[in-house]
2 protein chains.
Amino acid sequence: MRKPTLEEVAIEAGVSKMTASRALRGAVDVSSETRGRVLAAATRMNYVGNRLALSLSSQRTNLVAVVVPSMSNIVFPEVLAGISAGLDGSGMQAVFGISDYDVNKEREIIRDMLSWQPCAIIVTGLDQPEETVGLLRHADIPVIQLMDLDGTPIDFNVGLSHGAAGEDMAEALIAAGRSRFGYVGSALAKDQRAGKRKAGFERVLRAHGLGFTEQRIDDAFSSIALGKQLTTALLAAVPDLDCIYYSNDDMASGGLFACMELGVAVPRQVLIAGFNGLDLINSLPAPIATSRSPRRAIGEIAAQLVRRAVADEGDVGERTIKFKPTITGIGD
Amino acid sequence: MRKPTLEEVAIEAGVSKMTASRALRGAVDVSSETRGRVLAAATRMNYVGNRLALSLSSQRTNLVAVVVPSMSNIVFPEVLAGISAGLDGSGMQAVFGISDYDVNKEREIIRDMLSWQPCAIIVTGLDQPEETVGLLRHADIPVIQLMDLDGTPIDFNVGLSHGAAGEDMAEALIAAGRSRFGYVGSALAKDQRAGKRKAGFERVLRAHGLGFTEQRIDDAFSSIALGKQLTTALLAAVPDLDCIYYSNDDMASGGLFACMELGVAVPRQVLIAGFNGLDLINSLPAPIATSRSPRRAIGEIAAQLVRRAVADEGDVGERTIKFKPTITGIGD
DNA sequence: ATGAAAGCGCTAACAC
DNA sequence: GTGTTAGCGCTTTCAT
């Protein structure tokens, strides 16, 4: 038997389509006797409503489009989990797309998602090219830009300043007495936020008359293995560094393992600093410094903003939610 | 200005709705002059098609529903990335839901997703309760069950036998001369696959007249920190173990860090064995054994199955794709 | 408390 | 090559 429609359920229950619709949605003005008959018929027939028809007819959807650049490190999955949890109970449903850090792919994914008429869209970063911004603007729905604050938001913005995160880390490391800095990074051309952290870090170094003594940057995406490999190369070239800044904690963890293998004392001889505050680093055999970013909270707050904006009770509240990462792992 | 409809684009281009529709979809029998006018009008008006209407009218969607239990360790994000990549270029779009290892939540998510009329659905595991299986069956679309093979599939099945994975690991460890086994696990009540691995492992131990000397199991979800904590407790209770089996690599990595802190030599004194084959473990300061599971490939294969099943050229090919995990880290 | 009519924006099927 | 007609399955609005 084919999938039953509302009409067929209504006939089975001996009522009109409209009454069946009201009963299934739990409307108030349906006699409980009728409601019972409709619900029973629906259950018996394994009725599952058709949201395409529902949304087309009612001109509203419960879809929240979400576009993230990657699933290959734990950061974005945690953001997605936050969004998903924050949407729980709202009747809204997140739809995810992965752009692989590719602006063209991102634009096409956004275009595709917009055709589903989502009630809001969440994207990563605020450095989209003009054409993508145009798409987003014309969609005429709330746009939430996540993670980064360094730029001009379209609408709503939740995240932290990566430039400032880099600056703060540099200040803290200099204050801790470090002065011979190296840098290890990956995929900076694609990961704009990592680039902003590095730029912020370097601004502070310059202000103190310092700079990176040496750096190793690879085009591949960040990983523990890559961090280990580049660190080994870096220390072979410049053995007397006393601090290495990494594009993130994955790379930094690899750096720690490289140091252990080389017999370099961490943090006594070389201090290792990353970014993210992954759970991993709390269990590592030696302390590494990091800026703890509230990834899950960013997702949850984004979900709250969506709920508020979609409910639209006039006052939407703050349009920019700023987090300040806390630095840990430097002599604490 | 409101969002333009196909009809408005058609009027702007001076043609009928149908011609505009054909032009935008790149149909063959539209004069290139007409096509040009329609495309120009659509671009000028920032036209974005309405997929709700498209799918309702054409009775087909490009949606692939995917339900995973968690985003908190890297395993499922990698599967999702595989699915997303495998669907690339097919015009299909994955929609993800997270069940938090909760069967009731999983059922409601599936019900919700089915109302969007997806063309296929991918779920994790094959131990869904009867009611959920009923939902899936009645949906009358290809159902792909991922990760696990130990059970009766509804339709398509991609994964590996976790029972066999546990057995194989036990055989390998016994062959390597280990005999005093401990077990460290987490959330076994929820993570059924981890439970199946443990059961398989124990079957082999018993067959050799052995058993777990001691175990530590916590209700919390797996993490490196939890693995470290439970291992410390386990070794305090039974210091003379020569091998510890973990519910997965996260827990096992924590176990390694615990051993390093306690001055226990790995693998000489205690061999540590996990499951998954995470990239992480290749960079660790000591070797740990693991069963490498092809997470991304499982996602990609699932996407292939979906494409084939939806295209439906009569022969759909194999309905069960079995992977055999390879064991690494035992004296290699 | 229930029903009838109209229509959401698009495509399928059939004209011309 | 292009247009017309008739829905897809539901909700909205208005009537009773």
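Reckoned from all heavy atoms, side chains included, excluding hydrogens, waters and symmetry mates. Letters go in sequence order (proteins before strands), and every chain restarts at 1.
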Parallel, tilted or perpendicular: rings of A:Phe96 and B:Phe96 (30°, 60°): tilted

Per-nucleotide protein contact string for nucleotides 7-16 of chain D (B base, S sugar-phosphate only, - none; heavy atom under 4.0 Å): BBBBBB----

Smallest separation among heavy atoms of A:Leu135 and A:Leu114, with atom names: O-CD1, 3.7 Å

Side-chain N,O (A:Ser16) to OP1/OP2 (C:dA4) below 4.0 Å: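 False: A:Ser16 side-chain N/O out of range (4.0 Å or more) of C:dA4 OP1/OP2.
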
Do any N or O atoms from the side chain of [X] and from the backbone of [Y] form a donor-acceptor pair under 3.5 angstrom?
{"X": "B:Thr61", "Y": "B:Ser55", "result": "no"}
{"X": "A:Arg295", "Y": "A:Ser293", "result": "yes"}
{"X": "A:Arg307", "Y": "A:Met92", "result": "no"}

Whole angstrom value for the distance that separates P of C:dC10 from CD1 of B:Ile11: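 B:Ile11 atom CD1 is separated from C:dC10 atom P by 12 Å.
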
A:Gln117 CD to C:dG9 P, straight-line distance once rounded to whole Å: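 Checked: the CD to P distance equals 9 Å.
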
Picking from [options], what satisfies side-chain contact (heavy atoms from CB on, under 4.5 Å) with [X]?
{"X": "B:Leu146", "options": "B:Asn157, B:Ile83, B:Val123", "result": "B:Ile83"}
{"X": "B:Val66", "options": "B:Thr124, B:Ile122, B:Val306", "result": "B:Ile122"}
{"X": "B:Met71", "options": "A:Arg296, A:Met71, A:Glu78", "result": "A:Met71"}

Estimated bend of the helix from C:dA1-D:dT16 to C:dC16-D:dG1 (axis per five terminal pairs, rounded to 10 degrees):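 Computed from the C1' atoms at both ends, the axes differ by 30°.
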
